[in-house]
Each structure stands twice: as structure tokens, then as C-alpha cells.
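All remarks here apply to the structure that follows.
All chains are named by letter (A, B, ...) in the order of the sequence lines, taking the proteins before the strands, and each is independently numbered beginning at 1.
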2 protein chains.
Amino acid sequence: MVTVYEEVFHWENYLKYGTRQFFRKKECIYKQGEYGEGFYYLHKGLVRIVTESAAGKENMLNIVIPNQLLGVQSLDQKTHFTTAIAVKDSVVYHFSADEFRQLMITHPELFKLFSKSVIHKMKILLDRINLNALTSEQKLAVLLHNICDEFKNYEIPISQQDLACCTGLTRITVYKVLKQWQEAGIIEIDKRKYFIKKPDFLRNLVS
Amino acid sequence: MVTVYEEVFHWENYLKYGTRQFFRKKECIYKQGEYGEGFYYLHKGLVRIVTESAAGKENMLNIVIPNQLLGVQSLDQKTHFTTAIAVKDSVVYHFSADEFRQLMITHPELFKLFSKSVIHKMKILLDRINLNALTSEQKLAVLLHNICDEFKNYEIPISQQDLACCTGLTRITVYKVLKQWQEAGIIEIDKRKYFIKKPDFLRNLVS
DNA sequence: ACGTAACTGTAGCCTATTTAACGTTTTTTA
DNA sequence: TAAAAAACGTTAAATAGGCTACAGTTACGT
């Protein structure tokens with residue numbers, strides 16, 4: 001289940017110490033298994049974090065919105081255990097581990113920022129875990145609801161296929177739930193775009 | 001799915017700055033939802049980390065072994081999003097956020113230690129997520145395999161009930177798989193103790 | 001030492017999801 | 001702009017894993 005979280009962290013003042021990099025839509029920022037060094041800060045754009053399990057199944061973990069970190073896993077020259085792919089053209093700042101460590105000595109307040117960001121990441125992962133206890137309908141409800149919150153409107157800009165990937169369900173299951181909701185008037189489908197008509201219904205499904 | 005990870009982090013030199021606390025078996029170190037302040041380092045004992053989803057289902061996340069941190073989530077006075085319960089009598093050291101921040105100024109190398117520990121936690125969560133893509137048989141295989149690695153022998157010191165809780169499966173499912181494995185000679189059951197006879201079989205199930 | 005509580009063995013039913021299959025539509029890209 | 005590649009709509013069949021139930025065991029507290 002992908003959740004778009006939007007807590008804001010104020011890294012702006014430190015960006016000048018990082019290295020600016022551009023990534024085109026669909027370009028890969030880092031790959032699972034690759035060695036990395038340091039971490040990235042997303043300045044503009046949108047990035048999808050996916051992970052591939054041993055069994056080879058791909059799962060979207062979350063969507064990173066600007067002002068968040070990504071790739072923290074490889075701070076200490078460890079391999080990345082996720083893959084990051086730009087959803088839109090994106091601008092990121094890269095901080096190498098050494099650079100950042102130096103920077104922290106002169107700016108100790110950075111630790112708070114860093115730890116907050118990382119804890120936030122952990123919260124996302126945990127939410128993801130807890131979703132597995134839900135029914136498929138609930139999973140989808142949570143996902144759609146989050147997406148709407150994020151994009152601030154009730155149109156869902158994500159394909160059925162992606163919804164399946166985000167929730168870990170089959171496309172067919174997604175299709176079934178969506179159809180059922182459509183028949184119940186909870187969502188509307190037009191030209192393969194989905195519009196949420198009764199957001200409260202989705203909310204109630206979960207709480 | 002619980003995994004017992006054993007990467008070692010060397011916090012010994014810094015323990016004197018923390019506050020030593022004792023917890024009896026089954027005692028709760030912190031509860032999901034409670035406010036926390038700082039984090040804990042497990043010196044001796046064994047701690048179980050569980051999380052309760054919105055739906056009320058309880059899930060074991062992992063088992064913390066000595067030399068690891070726990071409760072990092074509440075470093076910044078946030079609420080804990082997991083619960084930690086001592087499995088054995090345990091000795092932990094508590095570091096308050098402020099104390100630790102001060103400490104980091106005088107000992108910048110602590111950052112590396114901290115980040116390593118936290119990244120390790122993230123890895124655990126991620127592994128947990130990836131498990132959900134597996135079949136129940138695979139989940140159990142991974143779990144048993146990990147447990148054996150950890151305890152360095154092929155006897156499993158965990159009840160069926162707990163195996164169920166760790167994997168998120170039903171006890172009945174656990175029982176079924178175990179029975180099937182027993183019939184195939186992969187494990188042996190004696191007096192409610194399980195012994196793994198063909199560890200390779202378990203390994204192959206996953207890879 | 002005894003009673004209660006927690007764990008295990010087993011069966012059967014049931015349903016939510018998955019897989020498979022296939023034609024149609026949309027989007028991408030060369 | 002045509003061909004190739006994704007994505008979608010739909011159905012039917014197969015199945016894994018969940019829930020219920022209940023009796024027999026073991027462990028544990030006092």
C-alpha cells in the first residue's frame with residue numbers, strides 16, 4: 001500500500017551543501033541491490049519507491065513528495081534495499097555520508113531533522129505492514145483516501161494496475177472492488193478515470 | 001513475521017551516559033500510543049516488538065536481541081507506534097533525546113552508530129513487508145530458517161501459537177503446514193518441540 | 001497438588017482472491 | 001502514424017487460507 005505522506009521537513013537552508021541532480025520521468029534514481037553512498041532529498045517532482053521481494057514480486061512502498069528524504073538506507077555504503085523511480089521529472093539533492101557527517105558537526109540541529117525524517121520513514125513502513133491485516137476493500141479505501149488527501153481533490157490519477165501494485169492485490173481484485181463501488185455510487189468511472197463521490201464511505205470502511 | 005537479526009552495534013562505551021532500567025519477563029517497556037522521549041538500548045535479555053493495527057489485530061514485528069536499539073520512533077516526543085514487551089528479564093539503557101543530542105555534539109561518531117541502528121530497523125520492517133508477498137508455507141519457512149540461524153541449532157523454541165502470531169497466519173494454518181512438513185520428513189515433532197531435519201528444503205522454498 | 005488457562009490435533013465448511021484466458025481499448029514509441 | 005506495448009473489462013474455475021468447533025494435553029499459579 002502506498003501512502004503519500006506530507007509532513008514537511010525544512011531542509012531548505014542546507015540544500016547548498018548537497019549536489020543537485022535531475023531525473024526525467026521514469027528514470028531510476030537508485031536500484032535495489034546497488035551500492036549507495038549517502039542519501040537524497042527530493043526538491044521537486046515525485047518519486048515512487050518500490051521493493052522487490054525474494055519471490056520476485058514487486059511492491060510499491062510509498063510515494064515520496066518534495067521535502068522528503070529518500071535512499072537513507074545506504075547512508076553507510078550499504079546496498080539499497082529499495083528502488084526509486086521518478087514519477088515526474090524531479091530535482092533531488094544528494095548528500096554523501098561524509099559530507100553530511102561533517103555538516104552535522106557544524107550544524108548539530110541537523111540531527112533532529114535527519115532523525116525526524118527517518119522516523120517518518122519508519123512510520124510509513126509500519127503503516128504498510130498494518131495494512132496487511134485489512135481486507136482488500138479496506139486496503140483500497142485507505143489508499144484512495146490517502147491519495148485524495150494528497151492531491152487535494154477527488155480524482156484519482158492512478159491506473160488500476162498501479163492500484164493493484166500499491167496494495168499488493170491482483171488487478172482483478174482491484175477491478176472487482178472498483179466495479180462494486182461504482183454500482184453502489186461511491187465512485188464514478190469515466191474514460192478510465194475514477195472520481196470519488198462519497199469519500200465518507202471510504203473513511204468509514206477503515207476507522 | 002518475526003525475524004531475529006543479529007548485526008552487532010558497539011554502544012558499550014556510551015552506556016554510562018544512559019539510564020539503566022530493569023524489566024521483568026512479560027513486562028511492558030513501552031506501549032503503542034504512549035508518549036516517549038528518547039530511545040532504549042537493550043543490554044541484556046530479549047524483547048518482543050508488536051504492533052496493533054487499526055483493525056485491532058496484533059502482529060509481532062521482530063525480536064530485539066542485546067546490542068540493539070528499541071523505541072527510536074519516539075525520539076522526538078512522538079508517540080510510540082509499536083509496543084515492546086520483555087520476553088526474558090531484560091536490562092535496557094534509556095537515552096533521552098536531549099541527553100543524546102548533547103552527547104552527539106561531544107561524540108560525533110555516535111551519529112554513525114545511530115544511523116546504522118535505525119537503518120537496520122528499517123531493513124527489518126522492509127523484510128516484514130516483503131514477506132506478505134509469500135505463501136504461508138514460505139512465510140513459515142523463512143521464519144523457521146531465521147530462528148535456526150539465530151539460535152544456532154535446529155530445535156525451534158517457539159510455540160505453534162507464536163509462530164502463528166509472528167507470521168500473521170492462523171494457528172490452524174501453521175499446524176497444517178507443520179504437519180505436512182512432518183509427513184514429508186522435513187521436520188520432526190516430539191513432545192511439542194520441533195526439529196528441523198532438512199534445512200535446505202526450507203531454504204529452497206524461498207530463494 | 002489441583003484447577004484453570006493456554007496450547008495442540010483434527011475435521012469440515014466457506015469465501016475471498018488468485019489464476020487463466022481473451023478480446024478490446026488506450027497509450028507509447030519508433 | 002502505424003505497430004507494439006500496456007492497460008482494461010469480464011467471466012469462469014481452482015484454491016488457499018480463514019473461521020468454527022471441540023476434545024485432549026501441557027504448563028502454571030497459588
Side-chain angles (χ1 to χ4, degrees), chain A residues 1 24-27 48 50 53 55-60 85-89 131-141 143-144 156-183 187-195 205, chain B residues 1 24-27 48 53 55-60 85 87-89 131-144 156-184 187-195 205:
Chain A
M1 161 72 59
R24 298 221 155 278
K25 189 175 169 177
K26 294 205 175 175
E27 211 175 332
R48 185 162 96 229
V50 301
S53 68
K57 195 173 176 189
E58 215 177 69
N59 250 298
M60 205 186 302
I85 297 163
V87 175
K88 303 184 192 170
D89 292 359
L131 274 172
N132 289 106
L134 305 180
T135 66
S136 21
E137 200 184 8
Q138 289 176 315
K139 283 181 195 171
L140 261 176
L143 176 54
L144 292 201
I156 299 154
I158 292 192
S159 76
Q160 231 178 71
Q161 203 82 241
D162 276 343
L163 291 176
C165 175
C166 292
T167 51
L169 303 171
T170 332
R171 203 201 89 235
I172 287 86
T173 306
V174 172
Y175 158 74
K176 281 180 188 165
V177 173
L178 250 33
K179 190 180 174 194
Q180 182 190 320
W181 283 352
Q182 184 205 9
E183 280 163 6
I187 62 171
E188 221 165 65
I189 307 182
D190 179 49
K191 287 241 171 213
R192 294 193 177 178
K193 291 266 177 200
Y194 306 91
F195 302 88
L205 263 183
Chain B
M1 159 74 59
R24 300 224 154 276
K25 188 175 172 178
K26 296 202 174 176
E27 211 175 332
R48 187 164 94 227
S53 68
K57 197 174 173 187
E58 213 176 70
N59 249 297
M60 205 186 302
I85 296 164
V87 175
K88 302 185 193 172
D89 292 358
L131 275 173
N132 290 108
L134 306 180
T135 66
S136 22
E137 198 183 9
Q138 289 176 314
K139 284 182 194 171
L140 260 176
V142 174
L143 176 54
L144 292 200
I156 298 154
I158 292 192
S159 74
Q160 233 178 65
Q161 204 84 241
D162 276 343
L163 292 176
C165 175
C166 292
T167 50
L169 303 171
T170 333
R171 204 204 87 232
I172 288 89
T173 306
V174 172
Y175 158 75
K176 281 179 189 165
V177 172
L178 251 30
K179 189 181 174 195
Q180 182 190 321
W181 283 352
Q182 183 204 12
E183 279 163 5
I187 62 169
E188 222 166 64
I189 306 181
D190 181 47
K191 285 241 171 212
R192 298 192 175 178
K193 291 266 177 197
Y194 306 90
F195 302 88
L205 263 184

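Atoms CZ (A:Arg24) and P (C:dT29) sit 13 Å apart, rounded to a whole Å. B:Leu140 has its CG atom 15 Å from the P atom of D:dA16, to the nearest Å. The CG atom of A:Asn132 sits 12 Å away from the P atom of D:dG18 (whole-angstrom rounding). Atom OH in A:Tyr175 sits roughly 18 Å away from atom P in C:dT19 (whole-Å rounding). The CD atom of A:Gln161 sits 13 Å away from the C1' atom of C:dT27 (whole-angstrom rounding). If you measure from atom NZ of A:Lys193 to atom P of D:dA7, you get 14 Å, rounded to the nearest angstrom. Put simply, CD1 on B:Ile172 is 10 Å from C1' on C:dT10, counting in whole angstrom units. The distance between atom OH of A:Tyr194 and atom C1' of D:dC8, rounded to the nearest whole Å, is 7 Å.
Scanning atom types as modelled, no donor and acceptor separated by under 3.5 angstrom connect the side chain of A:Lys176 and the base of D:dG9.
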Kindly give the atom pairs (protein nitrogen or oxygen, nucleotide nitrogen or oxygen) under 3.5 Å for nucleotides 22-30 of chain D.
unit_1 : atom_1 : unit_2   : atom_2 : d
D:dG24 : N2     : B:Arg192 : NH2    : 3.4

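The pair B:Asp89-B:Lys25 does not count as a salt bridge, with every side-chain nitrogen at least 4.0 angstrom from each carboxylate oxygen.
Looking at heavy-atom distances under 4.0 Å, A:Thr170 makes contact with a base. When heavy atoms are screened at a 4.0 angstrom cut-off, B:Lys179 is found touching the sugar-phosphate backbone but no base atom. Residue B:Ser136 is classed as a sugar-phosphate contact, given heavy-atom separations below 4.0 Å to backbone atoms only.
Checked by atom type and distance alone, the side chain of A:Ser159 pairs as donor or acceptor with a backbone atom of A:Asp162 at under 3.5 Å. A donor-acceptor pair under 3.5 Å links the side-chain atoms of B:Gln138 to the main chain of B:Leu205, judged by distance alone.
For A:Thr173, no side-chain nitrogen or oxygen approaches OP1 or OP2 of C:dT17 to under 4.0 Å. Contact check, B:Gln160 against C:dC7: no side-chain N or O comes under 4.0 Å of OP1 or OP2.
The side-chain heavy atoms of B:Leu144 and B:Tyr194, taken from C-beta on, include no pair separated by under 4.5 Å. Between A:Asn132 and A:Lys139 the shortest side-chain heavy-atom distance falls below 4.5 Å.
Counting non-hydrogen atoms of other residues, nucleotides and ligands closer than 6.0 Å to CD of A:Glu188 gives a total of 12 or fewer.
A pairwise comparison of heavy atoms in A:Cys165 and A:Asn59 identifies O-OD1, 3.5 Å as the closest pair.
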